[in-house]
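Right, one structure below, let's go through it.
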Amino acid sequence: MGIIKVENIRIFANHGCLSEETKIGSDYRVDLEVKANLQPSAKSDLLSETVDYVFLNRVIREEMQKPSHLLETVARRILDRVFNEDKLVKKATVCISKVNPPIGGDVEMVTIKMTDKRKNYK
């Protein structure tokens, strides 16, 4: 097994439970880590035998552009797409951070973290 990380993807999006949040939008930071067997691609040097981080970045950007009340919902969509669209991924963890959240205090960011694994993966 090996790990591929796409880290600190900075995105502007319109998520939140408050109507102002969905109108004004906020800055977000997304990190995604996937586990897959990287040995075949290490030997072959072929992109087709690994998890393409361009694909991972695209999934994150597309799903972040769909407004949701909860970051948990966005994280679930990202994980579902990664597992549905890339059969090499065995386990994945996504972290979504809202930068400068409107919670009435000096808070740099709030983060949700969600992990899932492919069925039959230990």
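Quick note: numbers below take in every heavy atom, side chains included, and nothing from hydrogens, waters or symmetry partners.
- Placement of Val6 and Val54 within a single hydrophobic cluster is found when ILVMFWY residues are connected by side-chain heavy-atom separations under 4.5 Å, directly or transitively.
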- side chain to side chain contact (heavy atoms under 4.5 Å, CB included) between Leu79 and Val94, intermediate numbers included: CA-CA 7 Å; Leu79 291 172; Val94 63; 4.0 Å; yes

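- A salt bridge does not link Lys98 to Asp27: none of the charged nitrogens lies less than 4.0 Å from a carboxylate oxygen.
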- Just do the side chain to side chain contact (heavy atoms under 4.5 Å, CB included) check on Lys35 and Tyr121 with the steps written out, would you? CA-CA 11 Å; Lys35 287 189 178 184; Tyr121 178 71; 4.2 Å; yes

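- Under the 4.5 Å side-chain criterion, counting only non-hydrogen atoms from C-beta, Ile11 is in contact with Ile60.
- With a 4.5 Å cut-off on side-chain heavy atoms, Leu46 and Ser41 do not count as touching.
- For Tyr53, the OH atom sits in a loose shell: 12 or fewer heavy atoms of surrounding residues, nucleotides or ligands are nearer than 6.0 Å.
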- Trace of the side chain to side chain contact (heavy atoms under 4.5 Å, CB included) decision for Leu70 with Cys17: CA-CA 7 Å; Leu70 300 176; Cys17 293; 4.0 Å; yes

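- Side-chain contact between Ile4 and Leu56 is present, with at least one heavy-atom pair separated by less than 4.5 Å.
- Note that the CZ atom of Arg29 and the CD1 atom of Ile9 stand 10.0 Å from one another [nearest 0.5 Å].
- No more than 12 heavy atoms of other residues, nucleotides or ligands lie within 6.0 Å of CD in Glu108, so this atom counts as exposed by the packing criterion.
- Distance CG/Leu18 to NE2/His69: 9.5 Å, rounded to 0.5 Å.
- One finds the CG atom of Asn14 at 15.0 Å from the NZ atom of Lys66 (value rounded to the nearest 0.5 Å).
- Nearest heavy atom pair, residue Pro101 against residue Val107, reads CD-O, 3.5 Å.
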- What do the steps show when you test Asp116 against Arg76 for salt bridge (Lys or Arg N to Asp or Glu O under 4.0 Å), and what is the final call? CA-CA 9 Å; Asp116 202 357; Arg76 181 74 261 160; 2.8 Å; yes

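- Grouping the Ile, Leu, Val, Met, Phe, Trp and Tyr side chains by contacts below 4.5 angstrom, directly or via other members, places Leu38 apart from Met1.
- No donor-acceptor pair closer than 3.5 Å links the side chain of Asp86 to the backbone N or O of Val82.
- Distance CE/Met114 to OG1/Thr93: 10.5 Å, rounded to 0.5 Å.
- For Ala36 against Leu88, the heavy-atom pair with the smallest separation is CB-O, 3.3 Å.
- Note that NZ of Lys117 and NZ of Lys91 are 7.0 Å apart. Values are rounded to the nearest 0.5 Å.
- Judged by distance alone, with hydrogens and angles left aside, the side-chain atoms of His15 form a donor-acceptor pair with the main-chain N or O of Ser68 at under 3.5 Å.
- Distance check: Ile96 CD1 to Thr73 OG1 gives 9.5 Å after rounding to the nearest 0.5 Å.
- More than 12 heavy atoms of other residues, nucleotides or ligands shown are found within 6.0 angstrom of NZ on Lys87.
- Residues Thr111 and Ser97 bring a donor and an acceptor atom of their side chains to less than 3.5 Å of each other.
- No side-chain heavy atom of Asn8 sits under 4.5 Å from any side-chain heavy atom of Val30.
- Cluster annotation: Ile24 and Ile103 are assigned to distinct hydrophobic clusters (Ile/Leu/Val/Met/Phe/Trp/Tyr, side-chain heavy-atom contacts under 4.5 Å, transitive).
- Here Glu33 pairs with Lys5 under the salt bridge (Lys or Arg N to Asp or Glu O under 4.0 Å) rule; sequence neighbours left out.
- In summary, Glu62 and Arg81 engage in a salt bridge, as defined by a charged side-chain N under 4.0 Å from a carboxylate O.
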- Given the rule in the side chain to side chain contact (heavy atoms under 4.5 Å, CB included) test, do Tyr28 and Val99 qualify, once you have shown the distances and angles that lead to the verdict? CA-CA 6 Å; Tyr28 293 84; Val99 180; 5.9 Å; no

